[in-house]
Amino acid sequence: MTGERGARRPGRVLTALLCALTAAGLYGCSDSGPPPQPRPTPTTAPATPAAGLSPFTGLPAKPAPVLAVKLDNVPAARPHTGLGAADLVYVEQVEGGVTRLLAVYSSRLPDLAGPVRSARESDIALLADYGRPVLAYSGAQSALGPLLRAAPLGLVTESTAPQAFLRSPDRPAPHNLYLRPGRALAAAPKAEHSRDIGFRFGAAPPGGTPVTTSTVRYPAARYAFTWSAADHAWRVAMDGREARATDTGPLTPETVVVQRVTIRPSRFHDRFGSVSPYSETVGSGTALVLRDGRAHEARWSRPSAASGTTFTTPAGAPLPFAPGQTWIVLAPRA
């Protein structure tokens, strides 16, 4: 069975994929790697994404609806399914200091994505510059519901579009809910197509510091990104274990952006009374852009929720990402 717009690797039949949810293992990840291989210095500043190229990846792609999926990310939820096909992956802190992922799809769709979990207030502002994307999630705190319904989002949940979801018999609830992305988009036909959100892609900028591994820590989660010259990408580890997808293998984004943001308490809390953190993605701050085995200090700016996020060098020049998948880690300000 193949995805509606194709994935990075061929899909599997549904039965085999569901079995793989349990059978796929997590493997140790080394903090060492081959020497970095920088790309040539660009001769011109990157411009607005050209026609025929995805504004999310910088790779050839036709304009297509945007689907964002909120993913569980505690150890019991791993390995994920469909994450390798995402154009963009955001890492967000939630209650208890753990994290969840927000995967954004447009260029290609996997057969399945998951496991799916609940939305948070931060998702509303984070997705505002995508126009009207579809947001697939498993639910939300009751007081958050009115804000989600008022936002420019096509909301897809198990209760509104049951045909877009399935439960895996191989995992315990709540880590067993999976999305059929094609059906999710069909359930929200007014979704807007991909558009410029401020990112630029191109050859590596001059400078930067050679980096083998970069680590980001949350109160109860840890991410490591290790450069792989063989993949020309970063291998992801979560809590000391190599991160994999059941359908495509190791997760290997071409660019990782450690975006330093203010993480403050929100006005909402979970059913146990823990206050939900809110990651502020409107404003400005510093960032670290990892690409081609090098780390580049950067600044990010997003004047309003409706505007895109730009990343520049300390001197103010556009800082291009490597074409391909990008992970944006919303990390606490130092």
Side-chain angles (χ1 to χ4, degrees), residues 1-9 11 14 17 49 53-59 61-73 77 80-92 100-120 122-140 148-149 151-166 177-197 199 245-248 251 253 281 308 324-328:
M1 179 172 64
T2 59
E4 285 80 353
R5 287 198 296 276
R8 182 174 295 180
R9 297 179 177 87
L14 181 59
L17 183 55
L53 297 181
S54 166
F56 302 162
T57 67
L59 297 174
K62 296 180 180 179
V66 179
L67 169 66
V69 185
K70 197 61 181 283
L71 299 175
D72 197 355
N73 196 33
H80 296 89
T81 295
L83 200 51
D87 290 344
L88 301 164
V89 177
Y90 292 91
V91 179
E92 301 175 85
R100 286 190 182 165
L101 307 178
L102 184 67
V104 178
Y105 300 90
S106 184
S107 303
R108 54 190 184 268
L109 294 179
D111 294 317
L112 292 176
V116 180
R117 287 301 299 272
S118 55
R120 292 294 183 274
S122 298
D123 301 330
I124 297 174
L126 185 60
L127 293 172
D129 57 0
Y130 286 84
R132 184 181 174 82
V134 173
L135 173 60
Y137 62 106
S138 65
L148 286 167
R149 291 189 291 273
L153 297 167
L155 303 179
V156 174
T157 66
E158 193 177 15
S159 60
T160 64
Q163 72 280 6
F165 292 85
L166 62 85
L177 182 64
Y178 290 82
L179 180 76
R180 295 182 173 101
R183 295 188 183 187
L185 289 176
K190 295 182 180 180
E192 292 187 11
H193 285 195
S194 53
R195 67 181 193 179
D196 185 5
I197 57 169
F199 300 169
T246 61
D247 49 347
T248 56
L251 300 177
T281 55
Q325 186 185 76
T326 296
W327 280 49
I328 301 170

Side chain to side chain contact (heavy atoms under 4.5 Å, CB included) between Leu153 and Leu127, worked out:
CA-CA 8 Å; Leu153 297 167; Leu127 293 172; 4.0 Å; yes
Might you work through the side chain to side chain contact (heavy atoms under 4.5 Å, CB included) test for Val89 and Ile328, ending with a clear yes or no?
CA-CA 6 Å; Val89 177; Ile328 301 170; over 6 Å; no
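Contact annotation: the side chain of Leu135 never approaches that of Tyr130 to less than 4.5 Å [non-hydrogen atoms, C-beta and beyond]. In this structure, Glu92 and Asp123 have side chains that are in contact, with non-hydrogen atoms separated by less than 4.5 Å. Taking 4.5 Å as the limit, every side-chain heavy atom of Leu67 sits out of range of all side-chain heavy atoms of Val156. Side-chain contact between Val66 and Glu192: absent, with no pair of heavy atoms (C-beta onward) separated by less than 4.5 Å.
Within the model, atoms CG of Leu71 and OH of Tyr90 stand 14.0 Å from one another, a figure rounded to the nearest 0.5 Å. The CG atom of Asp87 sits 3.5 Å away from atom OG of Ser107, with the distance rounded to the nearest 0.5 Å. Here the straight-line distance linking atom CZ of Arg180 with atom CD of Gln163 works out to 9.0 Å at 0.5 Å rounding. The OG1 atom of Thr248 sits 7.5 Å away from atom CG of Leu83, with the distance rounded to the nearest 0.5 Å. Residue Leu88 holds its CG atom at 7.5 Å from OG of Ser54, rounded to the nearest 0.5 Å. The OG1 atom of Thr246 sits 10.5 Å away from the NE2 atom of His80 when rounded to the nearest 0.5 Å.
Taking every heavy atom of both residues into account, Leu185 and Pro65 meet most closely at CD2-CB, 4.0 Å. Across Leu102 and Ala68, no two heavy atoms sit closer than the pair CD1-CB, 4.1 Å. Of all heavy-atom pairs between Val116 and Ser138, the closest is CG1-N, 3.8 Å. Nearest heavy-atom pair across Trp327 and Pro253 is CD1-CB, 3.3 Å. Closest approach of Ala136 and Leu179 over heavy atoms only: CB-CD2, 3.6 Å. Here the closest heavy-atom approach between residue Leu53 and residue Gly58 is recorded as CD2-O, 3.8 Å.
A distance-only check finds a donor-acceptor pair linking the side chain of Asp247 to the backbone of Gly82 [under 3.5 Å]. Of the possible polar contacts, none joining the Arg100 side chain to the Asp72 backbone as a donor-acceptor pair under 3.5 Å is found. A donor-acceptor pair under 3.5 Å is absent between the side-chain atoms of Thr57 and the main chain of Gln325, judged by distance alone. Remark: the backbone N or O of Asp129 is paired with a side-chain donor or acceptor of Arg195 at under 3.5 angstrom. Remark: side-chain polar atoms of Thr157 are not paired, donor with acceptor, to backbone N or O of Tyr137 under 3.5 angstrom.
Checking each of Pro133, Pro110, Ser194 against Tyr105 for a side-chain contact (heavy atoms from CB on, under 4.5 Å) leaves exactly one that passes, namely Pro110.
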